[in-house]
Enquirer: 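Questions regarding the structure given below will be posed in turn.
The chains referred to below are lettered A, B, ... by the order of the sequence lines, with proteins before strands, and numbering in each begins at 1.
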There are 2 protein chains.
Amino acid sequence: MSDDKRSDDNRPTIYDVARQAGVSKSLVSLVLRDSPGVSEKRRTAVLQAITELGYQPSRAAATLAGHHSRSIGVIIDDYRNMWFVELLEGIRHVMDAHGYHVTVSDQHSTGVLRQSALDGFLSMNVDGIVFAAEPGTEGIRPVGVPVVIAGARDTTMVGADIVRNDDALGARLAVDYLVGLGHRHIGHLTAAGGSAARRREGYQEAVQAAGLTPHLAGLGGPATEEGGYQACLALLRAAPELTAILAANDTMAFGALAALSEQGRAVPTDVSLMGYDNSPLAASRYLDLTTVDNRNFDVGVQAAETLLARITQNDPAIPPISIPPALVTRSSTAPR
Amino acid sequence: MSDDKRSDDNRPTIYDVARQAGVSKSLVSLVLRDSPGVSEKRRTAVLQAITELGYQPSRAAATLAGHHSRSIGVIIDDYRNMWFVELLEGIRHVMDAHGYHVTVSDQHSTGVLRQSALDGFLSMNVDGIVFAAEPGTEGIRPVGVPVVIAGARDTTMVGADIVRNDDALGARLAVDYLVGLGHRHIGHLTAAGGSAARRREGYQEAVQAAGLTPHLAGLGGPATEEGGYQACLALLRAAPELTAILAANDTMAFGALAALSEQGRAVPTDVSLMGYDNSPLAASRYLDLTTVDNRNFDVGVQAAETLLARITQNDPAIPPISIPPALVTRSSTAPR
DNA sequence: CGCTGCAATTGGAGCGCTCCAATTCAGTAT
DNA sequence: ATACTGAATTGGAGCGCTCCAATTGCAGCG
């Protein structure tokens, strides 16, 4: 025992495990990456040695030696925009099953080296990246690993695959639903940004298809609660006859709720209000907002599978995938 | 002279940079870790070579060779509990300045190897960990790196430092404020979990100190919107005379709002409602909730500085730190 | 009973860095 | 010039793994 090479401050290595199990370090490595062709006897011996020593493989060493890290990075905008949560769960659902580690980074995690999230992941040797954010000022450039762009973002990048949710379709779904309820004066709260733009397009198409006049507010503004409040105020001022409003997202609808109540308009009695995203906010009892669900879990699953295909195969034939959204009706909308 | 390894199709290495700049790989390494004692001439030459080649240092190699990764891990409960966001910003504020990378992981990120977040970070060779979650079923055990427990959590761990926010004080602040407003019947919506327990204690102390009777609901229930709704319903049934309610957090207050409006009680006219956390929810125009701010940014700053002290020095004299909370008054509360 | 063939094991050579002891360089004093 | 110094720079030895070619073990076969 006392001639054990391993000192107490140092973590055990693959050699320690090998010695303990009476095998070579190579065999231990094979067991760790559970490759076939290891006899059951040795495998259990190694596994036992691992638990006895409390051995933790070093990801750094494995990455350096193996030229891949079995991990992928997910880049999001901001932890406050919770739409990524389901996306992430979808990604993990797939990646966990394949033994990949998923790490998340927001766009702002630029350290002292002014390193972008992208560069951060690259220097961590990730095997692939899911880009689920609005592209920063720098844009995103081709990098050495596969990239999948997920979500309703306007991003494009040479060689990157795309899995998007069909925002235009979702907005059309919403407007059609409102029209079906008998509304003839339907306004839209929009904002700056790619997904807001696509939702706006869907709104306009559907409104025109129904022979109605579009009413817009918030163009170029922030897609926040405050943005929704201000846009709603402007919309109400410009078009008091509105009986239904579709917000570019749930958060803006939340802001609109404040404006509406301030103006003495009851929801849904006076005006029907719709959000978009089916966030926890929309699902809450107090708001109970009719909204559109982008099915981000499914987007995540598709994104992960696409990325995996790029990583493991060399098969470039992956068409852009679009996940159809679903309408979620609740009590913030009512027949005219 | 034997410094010419080459990598044509692969990413450039430190050797490529060295050759390009006409120096040795060691000098490049010195520049990368900007250590003193490098002449300005060589430094700029190396820096230029780095940009020319688009060189990205390999974190894996640096970690393996250097015995430390210049990165720390932050473990959170769930991306849906947004209280960690400010905490994280505080941590980053400090860590960025020291060139440390911070990665976030939620408790559920156990991959196929049933690896806990803690183990995940350990195998990534992090230099330290901030634990900002309720301890899982497994609890947290001593590990080989410094750990700081941040936030109002009941966690303890041998050798770990603690930076907490004083939940009991915050609840007392809230009750005292309500009492000052003239309320004599003040109820509390509580839940399972460490921080809820401490807030409950503070509530009870303050209520008793004011000579009032405590009214509790939600014991052992979830600290969610639904939990707040159910607890509020129960509270109203048990004690209809209440004119003020303090929820264990903003989300529960959000649920309580639904219960209150369902029961025809106006806020703040009939009952004053307070949340806790000063989350974006409380700050919204539509809710405009009086609440308690735990100053999690400051908690993050302290946690990071404590961790840094443990990592860089060997100075064990760090007392537990407690960040005092602050009352945030808004329009959901009114004089009796 | 040696021989083939395949499965199970093993040692060695790196992966791209950091750290350290050794070396070179330049500046000053002799 | 020469010796002496401290600062700047360098090569070599790993860090803990993976990968690969080489080796061993052990069936079944002539």
Enquirer: Considering non-hydrogen atoms only, spot the tightest contact between Pro146(B) and Arg310(B) and give its length.
Expert: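 Scanning both residues, the minimum pair turns out to be CB-CB, 3.6 Å.
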Enquirer: Whole angstroms only, please: what is the CG-C1' distance between Asp34(B) and dT18(C)?
Expert: 15 Å
Enquirer: To the nearest 10°, let me know how far the axis at one end of the helix from dC1(C)-dG30(D) to dT30(C)-dA1(D) is tilted from the axis at the other, five pairs an end.
Expert: 60°
Enquirer: Please identify each residue that fulfils salt bridge (charged side-chain N to carboxylate O under 4.0 Å, His left out) with Arg70(B), with sequence neighbours left out.
Expert: none
Enquirer: Which atoms form the tightest heavy-atom contact between Ala150(B) and Val299(B), and what is the distance?
Expert: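 Nearest heavy atoms, Ala150(B) then Val299(B): CB-CG1, 4.2 Å.
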Enquirer: What is the separation between atom CZ on Arg19(B) and atom P on dC17(C), rounded to the nearest whole Å?
Expert: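 Spelled out: CZ on Arg19(B) to P on dC17(C) is 13 Å.
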Enquirer: Is the backbone N or O of Asp96(B) less than 3.5 Å from a side-chain atom of His98(B), with the two atoms forming a donor-acceptor pair by type?
Expert: no
Enquirer: My understanding is that only residues two or more places apart in sequence, or in another chain, count here; which of them pass side-chain hydrogen bond (donor to acceptor under 3.5 Å, both in side chains) with Arg33(A)?
Expert: Ser29(A)
Enquirer: Answer yes or no: is there a donor N or O on one side and an acceptor on the other, between the side chain of Arg164(B) and the main chain of Ile149(B), under 3.5 Å?
Expert: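 No, the answer is negative, given that no donor and acceptor are paired below the 3.5 Å cut-off.
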Enquirer: Closer than 4.0 Å, any side-chain N/O of Arg11(B) to the OP1 or OP2 of dG16(C)?
Expert: no
Enquirer: My understanding is that only residues two or more places apart in sequence, or in another chain, count here; which of them pass side-chain hydrogen bond (donor to acceptor under 3.5 Å, both in side chains) with Ser24(A)?
Expert: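 Per chain and number, Ser24(A) pairs via side-chain hydrogen bond (donor to acceptor under 3.5 Å, both in side chains) with no residue.
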Enquirer: Please tabulate, one pair per line, each protein N/O and nucleotide N/O from nucleotides 21-26 of chain D that are separated by under 3.5 Å, including the distance.
Expert:
none

Enquirer: Got a donor-acceptor contact below 3.5 angstrom from the Asp34(A) side chain to the Val31(A) backbone?
Expert: no
Enquirer: With a 4.0 Å limit, can you tell me whether Ser29(B) has a side-chain N or O closer than that to the phosphate oxygens OP1/OP2 of dC17(C)?
Expert: no
Enquirer: Ring-plane angle category for Tyr79(B) and Tyr79(A), please: parallel below 30°, perpendicular beyond 60°, tilted otherwise.
Expert: parallel
Enquirer: Rounded to whole angstroms, how far apart are CD on Gln56(B) and C1' on dC17(C)?
Expert: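 Going from CD in Gln56(B) over to C1' in dC17(C) covers 15 Å.
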Enquirer: Taking atom C1' of dG16(D) as reference, at what distance in whole Å does atom CG of Asn125(B) sit?
Expert: 9 Å
Enquirer: For the pair made of CZ in Arg59(A) and P in dC17(D), what is the distance, rounded to whole Å?
Expert: 12 Å
Enquirer: Considering only nitrogen or oxygen atoms on both sides, find all protein atoms under 3.5 Å from nucleotides 6-13 of chain C and state each distance.
Expert:
{"unit_1": "dT9(C)", "atom_1": "OP1", "unit_2": "Ser39(A)", "atom_2": "OG", "d": "2.9"}
{"unit_1": "dT9(C)", "atom_1": "OP1", "unit_2": "Arg42(A)", "atom_2": "NE", "d": "2.7"}
{"unit_1": "dT9(C)", "atom_1": "OP2", "unit_2": "Ser39(A)", "atom_2": "N", "d": "3.4"}
{"unit_1": "dT10(C)", "atom_1": "OP2", "unit_2": "Ser24(A)", "atom_2": "N", "d": "2.8"}
{"unit_1": "dT10(C)", "atom_1": "OP2", "unit_2": "Ser24(A)", "atom_2": "OG", "d": "3.0"}
{"unit_1": "dT10(C)", "atom_1": "O5'", "unit_2": "Ser24(A)", "atom_2": "OG", "d": "3.4"}
{"unit_1": "dG11(C)", "atom_1": "N7", "unit_2": "Lys25(A)", "atom_2": "NZ", "d": "3.2"}
{"unit_1": "dG11(C)", "atom_1": "N7", "unit_2": "Ser26(A)", "atom_2": "OG", "d": "3.0"}
{"unit_1": "dG11(C)", "atom_1": "O6", "unit_2": "Ser26(A)", "atom_2": "OG", "d": "2.6"}
{"unit_1": "dG12(C)", "atom_1": "N7", "unit_2": "Lys25(A)", "atom_2": "NZ", "d": "3.4"}
{"unit_1": "dG12(C)", "atom_1": "O6", "unit_2": "Lys25(A)", "atom_2": "NZ", "d": "2.7"}

Enquirer: Check whether any side-chain N or O of Ser69(A) sits under 3.5 Å from a backbone N or O of Asn125(A) as a donor-acceptor pair, and report yes or no.
Expert: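 Yes, because the side chain of Ser69(A) sits within donor-acceptor range (under 3.5 Å) of the backbone of Asn125(A).
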Enquirer: Does any residue of residues 62-71 of chain B have a heavy atom under 4.0 Å from DNA chain D, and if so, which ones, in number order?
Expert: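 Correct list: Leu64(B), Ala65(B), His67(B).
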Enquirer: Check residues 43-53 of chain B and write down every donor-acceptor pair under 3.5 Å in which the side-chain atom is one partner and the other belongs to a residue at least two apart or another chain.
Expert:
{"unit_1": "Thr44(B)", "atom_1": "OG1", "unit_2": "Glu40(B)", "atom_2": "O", "d": "3.1"}
{"unit_1": "Thr44(B)", "atom_1": "OG1", "unit_2": "Lys41(B)", "atom_2": "O", "d": "2.9"}
{"unit_1": "Gln48(B)", "atom_1": "NE2", "unit_2": "Glu52(B)", "atom_2": "OE2", "d": "2.6"}
{"unit_1": "Thr51(B)", "atom_1": "OG1", "unit_2": "Gln48(B)", "atom_2": "O", "d": "2.9"}
{"unit_1": "Glu52(B)", "atom_1": "OE1", "unit_2": "Gln20(B)", "atom_2": "NE2", "d": "2.3"}

Enquirer: N/O contacts under 3.5 Å, protein versus nucleotides 24-28 of chain C?
Expert:
none

Enquirer: Between Arg33(A) and dC17(D), is there a side-chain N or O to OP1/OP2 distance below 4.0 Å?
Expert: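 It does not, given that no N or O in the side chain of Arg33(A) lies less than 4.0 Å from OP1 or OP2 of dC17(D).
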Enquirer: Identify, with sequence neighbours excluded, every residue that meets salt bridge (charged side-chain N to carboxylate O under 4.0 Å, His left out) alongside Asp127(B).
Expert: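 Once residues adjacent in sequence are excluded, Asp127(B) has no partner under the salt bridge (charged side-chain N to carboxylate O under 4.0 Å, His left out) criterion.
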Enquirer: Suppose we screen for side-chain hydrogen bond (donor to acceptor under 3.5 Å, both in side chains). Which residues come up paired with Thr103(B), at least two apart in sequence or across chains?
Expert: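 Once residues adjacent in sequence are excluded, Thr103(B) has no partner under the side-chain hydrogen bond (donor to acceptor under 3.5 Å, both in side chains) criterion.
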Enquirer: Can you name the side-chain hydrogen bond (donor to acceptor under 3.5 Å, both in side chains) partners of Glu86(B), sequence neighbours left out?
Expert: none
Enquirer: Taking only Lys NZ, Arg NE, NH1 and NH2, and the carboxylate oxygens of Asp or Glu, determine whether Glu89(A) and Arg80(B) approach each other closer than 4.0 Å.
Expert: yes
Enquirer: Is it true that a side-chain atom of His68(A) and a backbone atom of Gly66(A) form a donor plus acceptor pair closer than 3.5 Å?
Expert: yes
